There are 2 protein chains.
Amino acid sequence: MSFLKVEQPQSFKDHAYNEIKKGIIQHKVEPGSMLYERSLSESLGISRTPLKLALQQLELEGWIQSIPRKGIVVQTINRQDVDEIFQLRKANEVLAIELLIPLLNDETIEKIEKMDNQLSDIKKDPIKFMYADSAFHLFLAELSQNHRLYQLIQNLTDHVNWYGFVALKAGKNLDEVSYEHRLIIEGLKARNLRQTTDAVLNHLDISHRTIITNLKE
Amino acid sequence: MSFLKVEQPQSFKDHAYNEIKKGIIQHKVEPGSMLYERSLSESLGISRTPLKLALQQLELEGWIQSIPRKGIVVQTINRQDVDEIFQLRKANEVLAIELLIPLLNDETIEKIEKMDNQLSDIKKDPIKFMYADSAFHLFLAELSQNHRLYQLIQNLTDHVNWYGFVALKAGKNLDEVSYEHRLIIEGLKARNLRQTTDAVLNHLDISHRTIITNLKE
DNA sequence: AGTTGGTATCTGGTATACCAGATACCAATA
DNA sequence: TATTGGTATCTGGTATACCAGATACCAACT
């Protein structure tokens, strides 16, 4: 009966992890604000044990910082953080391109284009657009066939979404992003490593600069 | 009284994390073998709650895999894993070099050389040599001034130590490693990015090949 | 003998109780 | 009035009890 798509019931820990992370990315809890295990467990309707696991994962991934006997503080965002994330993102997304280009075939290129087209369809909703843009980058990461690289890029794009969320709500260069994606796809079609990495680096540079200029101290 | 070096008492969770990880890296528990929360908590003398936190961190970092209601399995090592780790290591150690070269001054270069000399002094003990080699790479990562990059490289070198531990015990090319390090240091002294990254990539390539050839299926 | 089904006993997931450190507040003191 | 010190009450850290799913085993049945 393997054709039946079984909906995996996520554990309490995963549920808490997703909920809290979503709240942080969407600035429903602001950087620097405090959280407390007991109140969190109450509002999520779970006990502290699975919650602690979710909180530890969030801490290891750089979203929060647990201070024993004080509470949990949502990480603040500063210029240094943004720069670190983009340094990592550039190096590792370029690596993904290097790995996936030799693996490309016409079918996967078609999938990539389809994905980008879906992205154009939802320009109206900035939040959905943000997630779809991430999905585009993650799809490329997935094609690299390096699972650890995929997870790393996932975490990095999540952080970028967090950093840029406010600027994004202000209504931004969504057309510009589409154009930059087209340049990447053209590079992939040509199986041209240099052309593609240049397009990716350009894309990331623009994103980096946009976020820096929207950083309010 | 800040001149007093306060010994931070590590939490039960950190203690468990370090002990279990050390056991895995040094193959005191073999890849594929099973662990169980209750027996582990008993042998470590702690309860399951902090142990669960340690186990989750180990799982997120790729050392073990927790299977609900079955147990915990120590990750197996295959060719794909080794390749993934080295792909990441090459890209990110090169990034570290790119970042640190503009920050170099004579004093830090002196420190790097001193570190490498200490490494030569302990060629007799392969395990100590392994950790000292990692410390050399980690020191370079630290100089990049990107903390997330440092943590990433830390995890990657730990995994490489795990993969290579058996081959290392067999007594390996310790002189060769010293020579490769000298090439890296010379590149740094010359502030030559290309020369240094070539030396690093060469160093990692040799390490990669050595581990692959010692991989027994 | 082969099959079945109940049960004892594993497992990790979860809830909860208790601990010690940190803190805020307020009464007692100089 | 300013300061001190005890206490009530926060916090995260830890230990433990209980739950349901998974499994192995053995007796009962065909």
Side-chain angles (χ1 to χ4, degrees), chain A residues 1-2 4-21 23-24 29-76, chain B residues 1-2 4-21 23-24 29-76:
Chain A
M1 302 259 243
S2 66
L4 281 175
K5 182 94 174 210
V6 176
E7 194 62 33
Q8 183 83 346
Q10 64 179 351
S11 65
F12 288 15
K13 174 220 139 190
D14 289 336
H15 173 71
Y17 170 83
N18 289 323
E19 285 299 306
I20 299 170
K21 187 163 119 180
I24 294 175
V29 285
E30 287 300 321
S33 55
M34 298 295 291
L35 301 175
Y36 304 99
E37 289 190 357
R38 281 172 179 79
S39 18
L40 262 179
S41 75
E42 198 174 342
S43 58
L44 288 167
I46 63 173
S47 78
R48 285 174 61 207
T49 311
L51 175 62
K52 284 177 86 67
L53 292 169
L55 291 173
Q56 178 184 247
Q57 183 169 353
L58 291 166
E59 180 169 17
L60 291 172
E61 293 175 356
W63 300 98
I64 61 176
Q65 186 180 353
S66 172
I67 303 172
R69 283 161 209 99
K70 287 286 188 66
I72 297 133
V73 51
V74 179
Q75 286 286 15
T76 53
Chain B
M1 300 260 246
S2 68
L4 282 175
K5 182 93 171 212
V6 177
E7 194 63 34
Q8 184 83 347
Q10 63 179 352
S11 63
F12 288 14
K13 174 219 140 190
D14 288 336
H15 172 71
Y17 169 83
N18 288 324
E19 285 298 307
I20 299 170
K21 186 164 120 180
I24 293 175
V29 284
E30 288 300 322
S33 56
M34 299 294 292
L35 302 174
Y36 303 98
E37 287 191 359
R38 281 171 178 80
S39 18
L40 263 179
S41 75
E42 198 174 343
S43 57
L44 288 167
I46 63 174
S47 78
R48 285 173 62 206
T49 311
L51 175 61
K52 284 177 86 67
L53 291 169
L55 290 174
Q56 179 185 244
Q57 184 170 351
L58 291 167
E59 180 168 18
L60 291 172
E61 293 175 357
W63 301 98
I64 60 176
Q65 185 179 354
S66 173
I67 302 172
R69 284 160 208 99
K70 286 285 188 69
I72 297 133
V73 50
V74 178
Q75 286 286 16
T76 53

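Just so it is clear: chains get the letters A, B, ... in the order the sequence lines come, proteins before strands, and each one is counted from 1. What you see is a predicted model; the values in this text were computed from it and never measured.
The side chain of B/R38 lies closest to C/dG12, out of D/dT16, C/dG12, C/dT16. For A/P50, the listed nucleotide lying nearest its side chain is C/dT14; candidates were D/dA15, C/dT14, C/dG12.
A donor and an acceptor atom, one from each side chain of A/Q57 and A/K13, are located under 3.5 Å apart. One side chain, B/E61 or B/Y17, offers a donor N or O that lies under 3.5 Å from an acceptor on the other.
Base pairing of C/dA8: its partner is D/dT23, meeting the Watson-Crick or G-U wobble criterion (both donor-acceptor distances under 3.5 Å).
Rounded to an integer number of Å, the gap from CD of B/E37 to C1' of C/dT14 is 11 Å. Summarising the geometry, the separation between CZ on A/F12 and P on C/dG13 is reported as 12 Å, rounded to the nearest angstrom. To the nearest angstrom, C1' of D/dG12 lies 13 Å from CG of A/L35. We find that CG of B/D14 is positioned 10 Å from P of D/dG13, with the value rounded to whole Å. Following rounding to the nearest Å, A/K52 (NZ) and C/dT16 (C1') show an atom-to-atom distance of 13 Å. Residue A/I46 contributes atom CD1, which lies 13 Å from atom P of C/dG13 at whole-angstrom precision. One atom, CG of A/L51, and another, P of C/dG13, lie 15 Å apart when rounded to the nearest Å. Look at CZ on B/R48: it is 12 Å from P on D/dT16, rounded to the nearest Å.
Proximity of A/K70 to the phosphate of C/dT23: a side-chain N or O atom is located under 4.0 Å from OP1 or OP2. At the phosphate of C/dA15, OP1 or OP2 sits under 4.0 Å from a side-chain N or O atom of A/S47.
A donor and an acceptor atom never sit less than 3.5 Å apart when one is taken from the side chain of B/S11 and the other from the base of D/dT14. A donor and an acceptor atom never sit less than 3.5 Å apart when one is taken from the side chain of B/R69 and the other from the base of C/dG13.
Each of B/I67 and A/P68 was matched to the nucleotide of DNA chain C holding its nearest heavy atom; the match closer to the 5' end belongs to B/I67.
A donor-acceptor contact shorter than 3.5 Å links the side chain of A/Q56 to the backbone of B/L53. The closest donor-acceptor contact from the side chain of A/S33 to the backbone of A/V29 lies at 3.5 Å or more, if one exists at all. The backbone N or O of B/Q10 lies less than 3.5 Å from no partner atom in the side chain of B/D14, so there is not a single donor-acceptor pair.
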